[in-house]
Amino acid sequence: MITDDFDYLAPGGRSYTIASGLIAGLKKNSRVLEIACGRGEAACALAEKFKCHVEAFDIDPVMVEYSRKKAESRDLAEHVDFFVKDGRDMDFGEGKYDLVLAEGGALTYIGREEGVARCADLLKEGRYLALMDLIYTRDDVPQPVRDAYEEGVYRYLTEIQYRKLLESNGFEVVFAAMLPQSAWDRYYMQMRRKVLSHRNKYTKEFKDSMAREIDVYYNYGGIFSVGYFYAIARLARKKQVKPAPKNLRIPLAFSFVR
Ligand SMILES: C[S@@+](CC[C@H](N)C(=O)[O-])C[C@H]1O[C@@H](n2cnc3c(N)ncnc32)[C@H](O)[C@@H]1O
């Protein structure tokens, strides 16, 4: 059961972030970049657990200010830098990071194709990209589901298309999983509470679109068409993959071909 959401704004949670850090082998002197950090929960979790250095940004100054205060209150300010930035413009140089974290659909927001290519540039050779993103789990996604999730703006891939995109940018997927149903239930329950609460200052537009998404997920087949993809991919650009020998035959234990 995924119930450890803390302060995340998407299905997932702290256990995924920590798993990414463990697979990436983060140490004290490791450098991490987080794209679209939201409320700063993942950046703080990595800094707290691995004592590494995390740079985390979001396009929304309110999120960044909130995250900074959180880091200060947890005594993590020396390990995490939060700043305002548009992820479509990641001008941070080349080959600098040990882990790039793109949770909560970050790559969808910044433009997935360009975003993955830029992540490959930013990473050191042999290091990791950890992502969580919405995907379609079938090709024939009903139109009402597409409308609710795409909002006329976003585009989603299937798992196989996502894997191909990563591979074509020199990544090798070392672990991948779909988040369990409980992650969606927990996330939508939390969002429903938030949009219904009078204390939250979400716009009417956001409240309406979230209510529509929840309705479509549970009542109009969204549950059978969308999934949340978690993948950790290692940048293996320089690794030469040997072509298979020409006379390779795959042994089929129950082959009827003689
Ligand atoms: C669904 S939230 C996920 C936040 C966080 N990663 C999490 O998992 O809790 C998406 C975040 O993306 C940010 N965002 C949207 N477009 C962005 C962009 N072009 N550059 C940077 N951040 C962006 C939003 O401000 C928001 O905080």
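Numbers here are sequence positions counted from 1. Just follow the structure's listing: the first ligand is 1, and inside any ligand the first atom is 1.
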Check: Considering only heavy atoms, which of Asp60, Thr17, Asp89, Ile59 lies nearest to atom 17 (C) of ligand 1?
Finding: Ile59
Check: Between Leu9 and ligand 1, does any nitrogen or oxygen pair lie at a separation below 3.5 Å?
Finding: yes
Check: Taking only heavy atoms of Gly104, which atoms of ligand 1 are found under 4.0 Å from at least one of them?
Finding: 1 (C), 3 (C), 8 (O)
Next item on the list: May I ask you to decide whether Glu65 forms a salt bridge with Arg68, counting only side-chain N to carboxylate O separations under 4.0 Å?
Entry: yes
Note to self: Asp133 vs Tyr162, test: side-chain hydrogen bond (donor to acceptor under 3.5 Å, both in side chains). Steps then yes/no.
What the structure shows: CA-CA 10 Å; Asp133 209 345; Tyr162 223 128; 2.7 Å; yes
Checklist line | Element-labelled atoms of ligand 1 that are located less than 4.0 Å from some non-hydrogen atom of Lys85 | finding: 20 (N), 21 (C)
Check: Do Arg146 and Glu151 meet the salt-bridge criterion of a basic N to acidic O distance under 4.0 Å?
Finding: no
Notebook entry, point to check: Out of curiosity, is Ala106 lining ligand 1, as in a heavy atom under 4.0 Å away?
Noted result: no
Note to self: Both conditions, 6.0 Å and 45 degrees, for the charged tip of Arg39 above the ring of Tyr66: are they met here?
What the structure shows: yes
Check: Who passes side-chain hydrogen bond (donor to acceptor under 3.5 Å, both in side chains) against Gln143, sequence neighbours left out?
Finding: Asp147
Note to self: For atom 12 (O) of ligand 1, what is the closest protein heavy atom, and at what distance to 0.1 Å?
What the structure shows: Ala36 CB, 3.3 Å
Next item on the list: With heavy atoms of Asp86 as the reference, note each atom of ligand 1 found under 4.0 Å away.
Entry: 18 (C), 19 (N), 20 (N)
Margin query: Once you restrict to heavy atoms under 4.0 Å, what part of Cys37 touches ligand 1? Side chain, backbone, both or neither.
Written below: backbone
Checklist line | Residue list, side-chain contact (heavy atoms from CB on, under 4.5 Å) with Glu72, at least two apart or on another chain | finding: Ala77
Item checked: Ring center gap for Tyr109 and Tyr154 short of 6.0 angstrom -> yes
Notebook entry, point to check: Any chance the rings of Phe57 and Phe92 have centres within less than 6.0 Å?
Noted result: yes
Check: How far is atom 16 (N) of ligand 1 from its nearest protein heavy atom, and which residue and atom name does that atom have?
Finding: Tyr109 CB, 3.5 Å
Item checked: Heavy-atom gap Glu41 to ligand 1 smaller than 4.0 Å -> no
Next item on the list: Run down the list Val64, Leu101, Ile35, Asp58 and name the one with the heavy atom closest to atom 11 (C) of ligand 1.
Entry: Asp58
Checklist line | Atoms in ligand 1 flagged as close to Gly87, the criterion being non-hydrogen separation under 4.0 Å | finding: 18 (C), 19 (N), 20 (N), 21 (C)
